[in-house]
Amino acid sequence: MENCSKYARGYFMPPKMEFKWAKKEYVDHPPIWCSVDLRDGNQSLIVPMNLEEKIEFFKFLVKLGFKEIEVGFPAASETEYTFLRTLIEQDLIPEDVTVQVLTQSREHIIKKTFEALQGAKNAVVHLYNSTSVAQREQVFRKSKEEVIEIAVSGAKLLLDYAKKTEGNFKFEYSPESFTGTEMEFALEICNAVLDVWKPAPDNKVIINLPVTVSMSLPHVYASQVEYMCDHLKYREDVIVSLHPHNDRGCAIADSELGLLAGADRIEGTLFGNGERTGNVDIVTLALNMYSHGIDPKLDFSNMPEIIEMYEETTGMKVYDRQPYSGKLVFAAFSGSHQDAIAKGMKWREEAVREHWTVPYLPIDPKDIGREYESDVIRINSQSGKGGIGYLLQQHYGLVLPAKMRETFGYRVKHISDRLHKELSPKEVYEVFVKEFVNIAEPITVKECHFRQGKEIEAIVTVYYEEKALELKGKGNGRLDAVSNAIKEYFGVSYTIVTYEEHALAQGSDSRACSYVSIADKDGKISWGAGVHTDIVTSSIDALFSAVNRMMSAK
């Protein structure tokens, strides 16, 4: 591509790169989660939520387990002001939940913010101002000293207004556009704010390091976070928070490496909703931890309900391939994938397994409210015999012999390819019944009787070409006797290769399913299946189904 030379790396490396975070294997405990769906998420919607929708969404976030929820910028609009007042006045904020509000470092905005917070049981007041080179030079045209003064004056105003406002308040500061700020300056301005607030064990302060615009590889951001964690004043009483955006598609990686680098808290949204390419997706981040055996302390066990609520309230859609939550993320269309999953599931059924290790499925779909039968095995022209067989077994109790699964699998793939569509489990089952089960043309079985002697004799009444015929044959078993009767009367030559049977359900009125394959004189295999409440009848129906399919093919 042309013109790439006009782009320069706009981020700043720390003075020293320690890379201590790189020696850690995984995030071993959940961070403090703060949902910003009602701020960053809401402001990115084409049609922002109204008051009723905001209240409903707030209650849902509480239900999911969020203990910190940013509810907006109360000085920015009447709707956001009214929303916060409604939460407080109607006592909608649980005792263990802290609301968070955003404010710029301007007195009239801070004053309005604290008016909205009057009577709040627990609230975080989030102060921010831009610190990056681009913002300082192009937007504000201020020196570093002037930018520090903006932050410090705002920090002092928060202290003043908190003292004369009823409520319990904590403070947060963000050097907005942190990723485009020189690290020494970001540290200087954060420490200047901390010197005003003087955090203590019973009065901790949040320093938030936002990826306002993603500019670097994740390891650079992790090193920036590590530098800040190592050099912030009052570190033991400072909660280091991350607020990653997804401009480079790195928000999850930025968050995970940032947590390894020493951060304590994450601000993000459900499914990553946010301006431009979005915020960090808390669902993905939390379930990544879950897949490593870490309880994220958020309840995503009913993903279909969460998606329905989210889509109805926001008007957004969860992408089909969104990690964990998309409707196709557990779906296997590939034949080899389906076969591996089916075998993995069978392996789990054979014994108690301590850990989940099913191929291609990083977590158990049932843990987040998804179903194996409808979500995992999906049938199209790319599917394989293993997946198709697994689907028939799970939905309809049919345990096809291995070679029959292969034959039927090719048939299903051909139909899907010809129709150019995915086939539902019901459609797959209908194909199986139509083409393999109790096939009655050209020979229709009416009844069958047996006589016991040295050999078993079969007397079979059939209809063929609109005529009733009586066939007789002897053999060393009932099926062999019926087979010999068919061969003798119709002059056909074949060998029974496979016979398998199983019950379709438990109980006296349960049906049995039988499977038969025969090989003609050229070795060509024909399959048939029979379903009946009587096991002998089902085996005879399976044999006639195979013979009929062989004769029809000829």
Side-chain angles (χ1 to χ4, degrees), residues 32-103 113 116-117 120-126 172 243-246 251 265-276 278-287 296-319 322 324-326 368-369:
I32 300 166
W33 300 107
C34 178
S35 162
V36 294
D37 289 89
L38 293 166
R39 169 55 188 170
D40 288 48
N42 185 58
Q43 75 175 4
S44 69
L45 301 178
I46 297 172
V47 180
M49 288 179 260
N50 60 33
L51 179 60
E52 291 73 23
E53 289 170 332
K54 281 191 167 190
I55 291 172
E56 183 182 8
F57 206 96
F58 176 84
K59 291 178 178 178
F60 193 70
L61 291 170
V62 170
K63 177 183 174 182
L64 294 179
F66 285 97
K67 300 304 180 185
E68 297 189 7
I69 301 172
E70 189 169 84
V71 295
F73 198 139
S77 73
E78 195 60 33
T79 299
E80 299 215 348
Y81 183 94
T82 303
F83 173 48
L84 179 53
R85 290 310 309 156
T86 301
L87 292 177
I88 295 171
E89 292 169 5
Q90 295 187 12
D91 198 22
L92 298 175
I93 307 168
E95 294 286 343
D96 62 344
V97 172
T98 298
V99 293
Q100 177 171 303
V101 294
L102 199 64
T103 180
T113 300
L117 283 168
K121 296 175 184 175
N122 295 291
V124 171
V125 185
H126 183 181
E172 174 177 352
H243 184 115
H245 285 196
N246 202 37
R265 182 176 184 267
I266 293 288
E267 294 184 350
T269 60
L270 298 180
F271 310 113
N273 181 38
E275 286 197 284
R276 307 190 310 278
N279 289 47
V280 65
D281 175 3
I282 286 182
V283 174
T284 299
L285 190 56
L287 290 177
K297 303 300 182 181
L298 293 173
D299 185 3
F300 295 136
S301 61
N302 191 344
M303 193 59 66
E305 179 192 32
I306 297 170
I307 293 170
E308 181 181 7
M309 169 64 184
Y310 169 81
E311 292 186 339
E312 286 183 359
T313 307
T314 66
M316 303 289 286
K317 295 295 180 185
V318 175
Y319 174 50
Q322 186 98 348
Y324 301 108
S325 52
I368 58 172

Review point. Are T269 and Y310 close enough, and set up right, to give a side chain to side chain contact (heavy atoms under 4.5 Å, CB included), and what steps lead you there?
Key: CA-CA 11 Å; T269 60; Y310 169 81; over 6 Å; no
Point to revise | Counterpart residues, salt bridge (charged side-chain N to carboxylate O under 4.0 Å, His left out), relative to K297 (two or more places apart) | key: D295
Revision key, fill the gap. Looking only at heavy atoms, the pair that brings P94 and V62 closest together is CG-CG1, 3.8 Å
Revision key, fill the gap. Per side chain to side chain contact (heavy atoms under 4.5 Å, CB included), L87 is matched among I93, I69, T82 by I93
Practice item. Would you indicate whether the side-chain heavy atoms of D91 and K121 approach each other to under 4.5 Å? Key: yes
Review point. Is the shortest side-chain N to carboxylate O distance from E267 to R39 below 4.0 Å?
Key: no
Review point. Could you state the interatomic distance from CD (E70) to NE2 (H126), rounded to the nearest 0.5 Å?
Key: 6.5 Å
Check your understanding: Would you call L270 and L64 a side-chain contact if the rule is heavy atoms closer than 4.5 Å?
Key -> yes
Exercise for review: Output the distance between atom OG1 (T314) and atom CZ (F57), rounded to the nearest 0.5 Å.
Suggested key: 6.5 Å
Check your understanding: Quick one: does E311's side chain have a donor or acceptor within less than 3.5 Å of a partner on V318's backbone?
Key -> yes
Check your understanding: Does a side-chain N-to-carboxylate-O contact under 4.0 Å join K63 and D299?
Key -> no
Point to revise | A75 to T113 - nearest heavy-atom pair and separation | key: CB-OG1, 4.0 Å
Practice item. Evaluate side chain to side chain contact (heavy atoms under 4.5 Å, CB included) for Y324 paired with F300, printing each intermediate quantity in order. Key: CA-CA 10 Å; Y324 301 108; F300 295 136; over 6 Å; no
Practice item. Decide yes or no for E56 and M49: does some side-chain heavy atom of the first lie under 4.5 Å from some side-chain heavy atom of the second? Key: no
Review point. What's the verdict on side chain to side chain contact (heavy atoms under 4.5 Å, CB included) for Y81 and E78, showing C-alpha distance, side-chain angles and the deciding distance?
Key: CA-CA 5 Å; Y81 183 94; E78 195 60 33; 4.2 Å; yes
Study note, to complete from the structure: Heavy atoms of L61 and S35 approach each other most closely as CD1-OG, 3.4 Å
Check your understanding: Can E275 and Q43 be counted as having a side-chain donor-acceptor contact under 3.5 angstrom?
Key -> yes
Practice item. Report the C-alpha distance between F66 and V97 in whole Å, list the side-chain angles of each, state the deciding distance to 0.1 Å, and finish with yes or no for side chain to side chain contact (heavy atoms under 4.5 Å, CB included). Key: CA-CA 7 Å; F66 285 97; V97 172; over 6 Å; no
Study note, to complete from the structure: So CG of N246 and CZ of R276: to nearest 0.5 Å the spacing works out to 10.0 Å
**Study point:** Taking every non-hydrogen atom, the tightest pair across G369 and P304
**Key:** O-CG, 3.5 Å
Exercise for review: From the options V101, L102, N42, L84, select the one residue that forms a side chain to side chain contact (heavy atoms under 4.5 Å, CB included) with F73.
Suggested key: L102
Point to revise | Results of salt bridge (charged side-chain N to carboxylate O under 4.0 Å, His left out) for E312 - residues two or more places apart only | key: none
Exercise for review: Specify the closest pair of heavy atoms between H243 and V36, including all atoms of both residues, with the distance to one decimal.
Suggested key: CE1-CG2, 4.2 Å
Practice item. Rounded to the nearest 0.5 Å, what's the gap from OG1 on T79 to NZ on K54? Could you check? Key: 6.5 Å
Point to revise | Under 3.5 Å: donor-acceptor pair, side chain of Q322, backbone of F271 | key: yes
Check your understanding: Looking at side-chain heavy atoms only, is the closest gap between I368 and I306 below 4.5 Å?
Key -> no
**Study point:** Nearest-0.5 Å distance that lies between atom CG in L38 and atom CD in E53
**Key:** 11.0 Å
Exercise for review: Check N273, D40, D37 against N279 for a side chain to side chain donor-acceptor pair (under 3.5 Å) and give me the one that passes.
Suggested key: D40
Exercise for review: Measure across A120 and I88 and return the closest heavy-atom pair with its distance rounded to 0.1 Å.
Suggested key: CB-CD1, 4.0 Å
**Study point:** Close side-chain approach of M303 to L287, heavy-atom, < 4.5 Å
**Key:** yes
Revision key, fill the gap. To the nearest 0.5 Å, atom CG of N302 lies from atom CE of M309 at 13.0 Å
